[in-house]
Protein chains: 2
Amino acid sequence: MKNNNVFLEKLRSSGLILTKQRIEICKFLFDRKETFHFTINDLQSILRKRSNEKISLATIYNTVHTFKKKGFLKEILINSNSNSNSNYFDTNVSNHHHFFDESTNELIDLKDSDVGDIKIKKNITKKKIKSIEVLVRLAK
Amino acid sequence: MKNNNVFLEKLRSSGLILTKQRIEICKFLFDRKETFHFTINDLQSILRKRSNEKISLATIYNTVHTFKKKGFLKEILINSNSNSNSNYFDTNVSNHHHFFDESTNELIDLKDSDVGDIKIKKNITKKKIKSIEVLVRLAK
DNA sequence: AATTAGATTAGAATAATTCTAATATATTGA
DNA sequence: TCAATATATTAGAATTATTCTAATCTAATT
């Protein structure tokens with residue numbers, strides 16, 4: 001299966017087999033300028049609407065996790081309100097910060113430049129800092 | 001049932017009935033100086049070891065969620081490594097920041113003073129900021 | 001002590017995710 | 001091009017975490 005679209009480059013160069021399903025998901029997730037945030041549930045219903053070839057739920061889970069392992073997606077856990085916690089995935093895999101809008105349950109990227117540099121003044125653990133993540137919650 | 005310990009004050013003043021189970025859990029969680037972080041699983045096995053009166057898992061869930069609703073506990077979601085995500089609870093309910101030590105899966109409070117003041121420079125959403133949470137991941 | 005509102009409990013139900021193993025498909029190399 | 005084969009997809013079963021149910025039980029109140 002051949003296809004020269006840019007968004008398939010990562011898939012092609014990853015060593016993964018280019019299947020119909022992966023290409024379909026890849027096309028939806030990565031053929032865009034803005035980053036995209038979604039839950040497995042979101043993705044499933046979007047894919048269902050986009051095409052009449054049904055992709056099984058197991059494949060959606062498999063693909064998302066495969067993409068995550070390959071570094072194409074980043075997982076983000078959010079305390080949504082009171083009763084529902086959610087697993088989001090983000091097409092922006094760089095280290096960056098988020099707004100979480102509690103009125104819409106939407107995750108929004110924050111530009112690094114919109115958050116000042118964060119310095120951790122004291123780290124009693126002496127272990128190496130791997131990342132610093134800021135989550136800004138927006139009121140309902 | 002009478003008891004004058006300080007850590008029971010919150011329970012007593014909350015309007016909740018003082019049951020054996022709630023007192024037991026309260027005693028363990030709040031009769032200490034340092035804050036404490038735990039998962040439901042942690043709590044269950046700790047309680048099992050502490051006393052030979054078994055508290056049912058349903059009650060542990062109920063109590064933790066009741067305490068959360070009363071504002072005695074705060075829930076914190078963390079992307080633990082690759083496969084396991086975890087729901088932690090924190091006895092420190094104030095707005096504060098955390099280290100997450102990926103080698104031990106331990107959550108550690110960060111003093112506010114150890115993180116500089118965080119200013120969000122641009123908020124395109126115009127919605128009110130409810131909270132700002134920083135998570136510092138410590139490498140394995 | 002009797003009443004009763006609310007709590008506890010075991011086990012059933014549910015929901016989210018992963019597993020299984022049968023089938024299908026993409027890639028490779030003749 | 002066409003087998004061979006390694007890997008992917010799939011439906012549905014299994015698992016896991018959590019919540020629900022409805023039968024007791026118990027703390028607080030009279």
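Letters A, B, ... mirror the listed sequences (proteins, then strands); counts begin at 1.
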Check against side chain to side chain contact (heavy atoms under 4.5 Å, CB included), A/D101 and A/T104: CA-CA 6 Å; A/D101 185 338; A/T104 59; 3.4 Å; yes
Name the pairs: protein N/O against N/O of nucleotides 10-15 of chain C, kept only if under 3.5 Å.
residue, atom, partner, partner atom, Å
C/dA10, OP2, B/K54, NZ, 3.4

Distance test, side-chain N/O of B/H65 to OP1/OP2 of D/dT18, below 4.0 Å: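 Result: no.
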Phosphate OP1/OP2 of D/dT10 contacted by A/Q21 side-chain N/O (<4.0 Å): yes
Check the distance between [N]'s [atom2] and [X]'s [atom1] and give it to me in whole angstrom.
X	N	atom1	atom2	answer
B/I17	D/dT26	CD1	C1'	8 Å
B/L18	C/dT8	CG	P	10 Å
B/Q44	D/dT16	CD	P	14 Å
A/L16	D/dT7	CG	C1'	10 Å
B/R22	C/dA5	CZ	C1'	12 Å
B/I60	C/dA7	CD1	C1'	14 Å
A/E24	D/dT9	CD	P	12 Å
B/K20	D/dT24	NZ	P	18 Å

Electrostatic pair A/K127-B/E102, nearest N-O below 4.0 angstrom: no
Residue A/Y61, side-chain atoms from C-beta onward, closest of C/dA7, C/dT18, D/dA8: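 So the nucleotide nearest the side chain must be C/dT18.
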Closest listed nucleotide, where the reference is the side chain of A/T19 and the choices are C/dA7, C/dA26, D/dT18: C/dA26
A/K10 to A/F30 six-membered ring, cation-pi geometry met (6.0 Å, 45°):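 Yes, A/K10 lies over the aromatic ring of A/F30.
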Matching residue for A/F72 among A/F89, A/F7, A/F67 - test: ring-ring contact (aromatic ring centres under 6.0 Å, His included): A/F67
Partner of A/H37 by side-chain hydrogen bond (donor to acceptor under 3.5 Å, both in side chains), out of A/D42, A/T91, A/D109, A/N92: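 Among A/D42, A/T91, A/D109, A/N92, the one that satisfies the side-chain hydrogen bond (donor to acceptor under 3.5 Å, both in side chains) with A/H37 is A/D109.
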Sugar-phosphate only, base, or nothing, as touched by B/N62 at under 4.0 Å among non-hydrogen atoms: base
Distance-only side-chain donor-acceptor flag, B/H98 / B/D90, under 3.5 Å: yes
Short side-chain donor-acceptor distance under 3.5 Å, B/N123 and B/T125: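 Indeed, the side chains of B/T125 and B/N123 share at least one donor-acceptor pair under 3.5 Å.
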